[in-house]
Structure formats: structure tokens, C-alpha cells
Student: 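The structure is given below, and queries will be raised subsequently.
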Amino acid sequence: QVQLVESGGGLVQAGGSLRLSCAGSGRTFSSYVVGWFRQAPGKERQFVAAINWSGGITRYADSVKGRFTISRDNAKNTVYVQMNTLKPEGTAVYYCAASFGTAMTPAAYKYWGQGTQVTVSS
């Protein structure tokens, strides 16, 4: 069993930055792939980024490549996503999730956090 708690969301102007954190519980957290997803009102949950257990493999959605960076600190059981040059269309609830594969689909992830709201004003 893995529990995930997101933090770091908030209100930011377009062009600004935020860093989201995903704190995981359990001794096996460091063995999981962790992904970030986002869901805007009335839209499907979409993939943002993922990182494998060691941090050596990362994946990004095309819409965030070059602006977002995912990283992890297994000693702290925490995964981060640094979000730069934020755009208004990035307004959504951001979720972290844990999986055993670097999939880009929500269905592949077994454990989910409650989400943190990110609002980007224009």
C-alpha cells in the first residue's frame, strides 16, 4: 500500500513558476514509477510527466517538454515537478500517482493522491 500527498499548488501569473511535491509513504515507494497528471474542469485527466524508480528515465507530455522537470529524492520519499513558464491552459488539479511501469495512461497507475490545485492567471 502506498499513500501519496501532493503539495505546492497555488495561484500564479502566466509565465511564472511553481514546484509541486508528491510525498509518498511506505518503504516500497522508491521502487515505484511516479507520474504527474492534471485534470481541468470538464476535461479528461491527462498525462504530464513520469519518472522511474531511480530517476534515470523520465517522460513528458509534448505540451510541457522544455518547461517542466520531474525529479525525485528517494531518501525523502518525494517526487517533484518543477513547472516553469506556466500558461493559463495549465490551470487544473494536479495529481501524482504510482505505478510499476512508465505508462502515460491513468489506468496504468494504481495509487493516487488527492490532488493540488494550480491556477494560472493570464
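One is the number of the first residue; the rest follow in order along the sequence.
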Student: Could you tabulate the donor-acceptor pairs under 3.5 Å formed by side-chain atoms of residues 41-50, not counting sequence neighbours?
Tutor:
unit_1 : atom_1 : unit_2 : atom_2 : d
Arg45  : NE     : Gln39  : OE1    : 3.1
Arg45  : NH2    : Gln39  : OE1    : 3.2
Gln46  : OE1    : Arg38  : NE     : 2.7
Gln46  : OE1    : Arg38  : NH2    : 3.2

Student: Do Ser30 side-chain atoms and Asn74 backbone N/O form a donor-acceptor pair below 3.5 Å?
Tutor: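 The answer is no, because no donor-acceptor pair under 3.5 Å joins these two groups.
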Student: Pairs of donor and acceptor atoms involving the side chains of residues 106-119, under 3.5 Å and at least two apart or interchain, shall be tabulated with distances.
Tutor:
unit_1 : atom_1 : unit_2 : atom_2 : d
Tyr109 : OH     : Ala103 : O      : 2.7
Trp112 : NE1    : Tyr109 : O      : 3.2
Thr116 : OG1    : Gly9   : N      : 3.2
Gln117 : NE2    : Ala92  : O      : 3.4
Gln117 : NE2    : Thr119 : OG1    : 3.4

Student: Taking the side chain as every heavy atom from C-beta outward, state whether Leu18 and Leu86 have any pair of such atoms under 4.5 Å apart.
Tutor: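 Yes, their side chains come closer than 4.5 Å.
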Student: Working to the nearest 0.5 Å, report the span between OG1 of Thr69 and CE of Met83.
Tutor: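 It is 11.5 Å, given to the nearest 0.5 Å.
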Student: State, to 0.1 Å, how close Tyr60 and Ile70 come at their nearest heavy-atom pair, and which atoms those are.
Tutor: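 Residues Tyr60 and Ile70, closest heavy atoms: OH-N, 2.9 Å.
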Student: So which pairs with a foot in residues 1-19 pass side-chain hydrogen bond (donor to acceptor under 3.5 Å, both in side chains), sequence neighbours left out?
Tutor: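 Sorted pair list: Ser17-Asn84.
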Student: Tell me the salt bridge (charged side-chain N to carboxylate O under 4.0 Å, His left out) pairs involving residues 68-83, sequence neighbours left out?
Tutor: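 Qualifying pairs: none.
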Student: About how many Å separate CG of Leu20 and OG1 of Thr78, when rounded to the nearest 0.5 Å?
Tutor: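 Between atom OG1 of Thr78 and atom CG of Leu20 there are 12.5 Å.
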Student: Is there any ring-ring contact (aromatic ring centres under 6.0 Å, His included) pair reaching into residues 67-102, and which pairs are they, with sequence neighbours excluded?
Tutor: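 Applying ring-ring contact (aromatic ring centres under 6.0 Å, His included) to every pair that reaches into residues 67-102, excluding sequence neighbours, yields Tyr32-Phe100.
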Student: Pairs in or reaching into residues 48-68: which pass salt bridge (charged side-chain N to carboxylate O under 4.0 Å, His left out), with residues at least two apart or in two chains?
Tutor: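 Residue pairs passing salt bridge (charged side-chain N to carboxylate O under 4.0 Å, His left out), neighbours aside: Asp62-Lys65.
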Student: Tell me which pairs pass ring-ring contact (aromatic ring centres under 6.0 Å, His included) where either residue lies in residues 3-31, with sequence neighbours left out.
Tutor: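 Sorted result for residues 3-31: empty, none.
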Student: If you look only at pairs with a residue in residues 15-117, which of them pass as a disulfide (SG to SG under 2.5 Å), with sequence neighbours excluded?
Tutor: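 Qualifying pairs, neighbours excluded: Cys22-Cys96.
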Student: List, by chain and then residue number, the residues other than Trp53 in its hydrophobic cluster (Ile/Leu/Val/Met/Phe/Trp/Tyr, side-chain heavy atoms under 4.5 Å); write none if there are no others.
Tutor: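 When side chains under 4.5 Å apart are linked, Trp53 ends up in no cluster with other residues.
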Student: Can you name the side chain to side chain donor-acceptor pair (under 3.5 Å) partners of Ser54, sequence neighbours left out?
Tutor: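 For Ser54, the residues satisfying side chain to side chain donor-acceptor pair (under 3.5 Å) (neighbours in sequence not counted) are Asn52.
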Student: Evaluate side chain to side chain contact (heavy atoms under 4.5 Å, CB included) for Ile51 paired with Val79, printing each intermediate quantity in order.
Tutor: CA-CA 8 Å; Ile51 189 166; Val79 172; 4.1 Å; yes
